[in-house]
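Computed from a predicted structure; not experimentally measured. When a residue number appears, it is its place in the shown sequence, counting from 1.
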Amino acid sequence: MGIFYEQFLKRESPAGVIFDVDGTLLDSMPVWAHSGERYLSTIGIEAPETLGRALFSMTMQDGARYIKETFALTQTAQEIKDGIIRVVEEAYQNETLLKPGALAFLNILREAGIPMTVITSNDRPLIAAAFCRLGLEPYFKEILTCGEFGSGKDRPDIFLAAARRMNSQPADTWVAEDGLYAMRTAKQAGYRVIGVADACSKQDEAEIRRIADYFITDFTHEMND
């Protein structure tokens with residue numbers, strides 16, 4: 001038995017580690033889940049608890065239209081979208097925290113001289129705001145965003161680019177992720193995967209457990225011998 005962040009390097013010899021951010025390093029998914037409620041509260045409207053579930057599968061623009069119609073707002077959909085972005089930015093700048101054990105794991109990897117990169121579907125300014133506050137920038141060789149790269153995690157290109165930045169081969173590179181589709185892409189490209197539990201991926205947990213080389217609730221997860 002042992003804690004994941006203490007045991008990983010005793011069991012494995014990674015040439016590099018690629019980290020997702022939201023739901024993996026940062027406990028930020030609740031910010032998005034409640035972003036509509038937070039926005040409405042800024043204009044004096046108390047939203048029902050079901051709003052987050054209604055918005056979950058929508059794009060931000062579609063969600064803004066839904067909020068406008070549902071609550072009969074005078075604001076345009078674009079104004080609502082901009083307002084949601086502002087409350088999310090404030091949360092990344094001031095509130096969003098690391099998943100338990102994440103910093104300890106990053107420290108252990110850095111002390112061992114193992115290069116690390118980030119691949120995120122989020123926008124760089126949000127990630128930069130949280131990383132600056134939490135002191136995370138020095139840990140990573142590079143932060144790759146899907147938007148800037150021009151390819152999402154449903155294709156291997158961005159994973160291959162991250163490995164090249166670390167001078168590592170896919171077979172010797174690990175990917176820490178909470179999203180099932182990204183894990184599938186990484187596994188199919190030859191990477192090994194640390195699956196990290198998150199409330200937003202709970203419905204995929206059985207399949208995540210099946211394909212991940214390790215499945216952890218967070219980086220303090222107890223590993224069996």
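Under the 4.5 Å side-chain criterion, counting only non-hydrogen atoms from C-beta, I119 is not in contact with V21. Counting only heavy atoms from C-beta outward, the side chains of E177 and V196 never approach each other to under 4.5 Å. At least one side-chain heavy atom of T173 sits less than 4.5 Å from a side-chain heavy atom of I18. Within the 4.5 Å cutoff, no side-chain heavy atoms of P100 are placed close to those of D27. Side-chain atoms of L51 and F71, non-hydrogen and from C-beta on, do get closer than 4.5 Å to each other. For the pair D198 and T24, the minimum side-chain heavy-atom distance is 4.5 Å or more. Side-chain contact between M223 and R11 is present, with at least one heavy-atom pair separated by less than 4.5 Å. Counting heavy atoms from C-beta outward, C146 and T120 have side chains that stay 4.5 Å or more apart.
Looking at Y214, Y191, F159 one by one, the single match for ring-ring contact (aromatic ring centres under 6.0 Å, His included) with W174 turns out to be Y214.
In this structure E95 satisfies the salt bridge (charged side-chain N to carboxylate O under 4.0 Å, His left out) test together with R38, sequence neighbours excluded. For S41, the side-chain hydrogen bond (donor to acceptor under 3.5 Å, both in side chains) criterion is met by no residue, not counting sequence neighbours. In terms of the salt bridge (charged side-chain N to carboxylate O under 4.0 Å, His left out) criterion, residue partners of R155 (sequence neighbours excluded) are, by chain and number, D157. Evaluation of the salt bridge (charged side-chain N to carboxylate O under 4.0 Å, His left out) rule for D213 yields K187, R192 as partners, not counting sequence neighbours. For E148, the salt bridge (charged side-chain N to carboxylate O under 4.0 Å, His left out) test picks out R124, with sequence neighbours left out.
At least one donor-acceptor pair under 3.5 Å links the side chain of K99 to the backbone N or O of A197. A donor-acceptor pair under 3.5 Å links the side-chain atoms of T42 to the main chain of Y39, judged by distance alone. The backbone N or O of A161 sits less than 3.5 Å from a side-chain atom of R165, completing a donor-acceptor pair.
Taking hydrophobic clusters as Ile, Leu, Val, Met, Phe, Trp and Tyr residues chained together by side-chain heavy-atom distances below 4.5 Å, I216 shares a cluster with F19. I194 and I108 fall within a single hydrophobic cluster, where Ile, Leu, Val, Met, Phe, Trp and Tyr are joined by side-chain heavy atoms under 4.5 Å apart, directly or via other members. Tracing side-chain contacts under 4.5 Å through hydrophobic residues (I, L, V, M, F, W, Y), one never reaches M166 starting from F105; they form parts of separate clusters. Transitive grouping of hydrophobic side chains (ILVMFWY, heavy atoms separated by less than 4.5 Å) keeps W32 and L180 in distinct clusters. Cluster annotation: L144 is not connected to L26 through the hydrophobic network of ILVMFWY side chains, with a link wherever side-chain heavy atoms come within less than 4.5 Å.
In summary, E205 and R209 engage in a salt bridge, as defined by a charged side-chain N under 4.0 Å from a carboxylate O.
Here the closest non-hydrogen pair linking G195 and M183 is CA-CE, 3.8 Å. When all heavy atoms of A47 and E37 are compared, the closest pair comes out as CB-CG, 3.9 Å. The two residues N122 and T145 come nearest to each other via the heavy atoms O-CB, 3.8 Å. Heavy-atom minimum distance, P156 versus T185: N-CG2, 3.6 Å. Scanning all heavy atoms of the two residues, the minimum distance from G16 to S168 falls at N-CB, 4.3 Å. Here the closest heavy-atom approach between residue C200 and residue M29 is recorded as SG-CB, 3.5 Å.
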Side chain to side chain contact (heavy atoms under 4.5 Å, CB included) assessment of D20 paired with V175: CA-CA 8 Å; D20 170 55; V175 175; over 6 Å; no
Derivation of the side chain to side chain contact (heavy atoms under 4.5 Å, CB included) call for I3 and H221: CA-CA 6 Å; I3 295 173; H221 189 94; over 6 Å; no
Residue pair Q75, K68: steps toward the side chain to side chain contact (heavy atoms under 4.5 Å, CB included) verdict: CA-CA 7 Å; Q75 291 86 344; K68 176 177 174 59; 5.9 Å; no
Candidate pair I143 and E137, rule side chain to side chain contact (heavy atoms under 4.5 Å, CB included), full reasoning: CA-CA 9 Å; I143 296 172; E137 296 108 320; 5.5 Å; no
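If you take CD on E12 and CD1 on I114, they are separated by 10.5 Å, rounding to the nearest 0.5 Å. Separating the CG atom in L98 from the CG atom in L106 is a distance of 7.5 Å, to the nearest 0.5 Å. Rounded to the nearest 0.5 Å, atoms OH (Y181) and OG (S201) are 11.5 Å apart. A distance of 7.5 Å separates OG of S121 from CD1 of I158, quoted to the nearest 0.5 Å. Atoms CG and CZ, from L136 and F140 in turn, are 6.0 Å apart once rounded to the nearest 0.5 Å. Between atom CG of residue L9 and atom CD of residue E111 there is a gap of 10.0 Å, rounded to the nearest 0.5 Å.
Other residues, nucleotides and ligands contribute only 12 or fewer heavy atoms inside 6.0 Å of the CD atom of Q169.
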Please tabulate, for the side chains in residues 77-89, all donor-acceptor contacts under 3.5 angstrom to protein atoms that are two or more places apart in sequence or on a different chain.
from, atom 1, to, atom 2, distance (Å)
Q78, NE2, D82, OD1, 2.9
E79, OE1, T76, N, 2.9

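For T96 and S28, the side-chain atoms include no donor-acceptor pair closer than 3.5 Å. If you check the side chains of D218 and T220, you find a donor sitting under 3.5 Å from an acceptor.
Note: Y5 and F219 fail the aromatic proximity criterion, with ring centroids not under 6.0 Å apart. Aromatic ring centroids of Y139 and F131 lie 6.0 Å or more apart.
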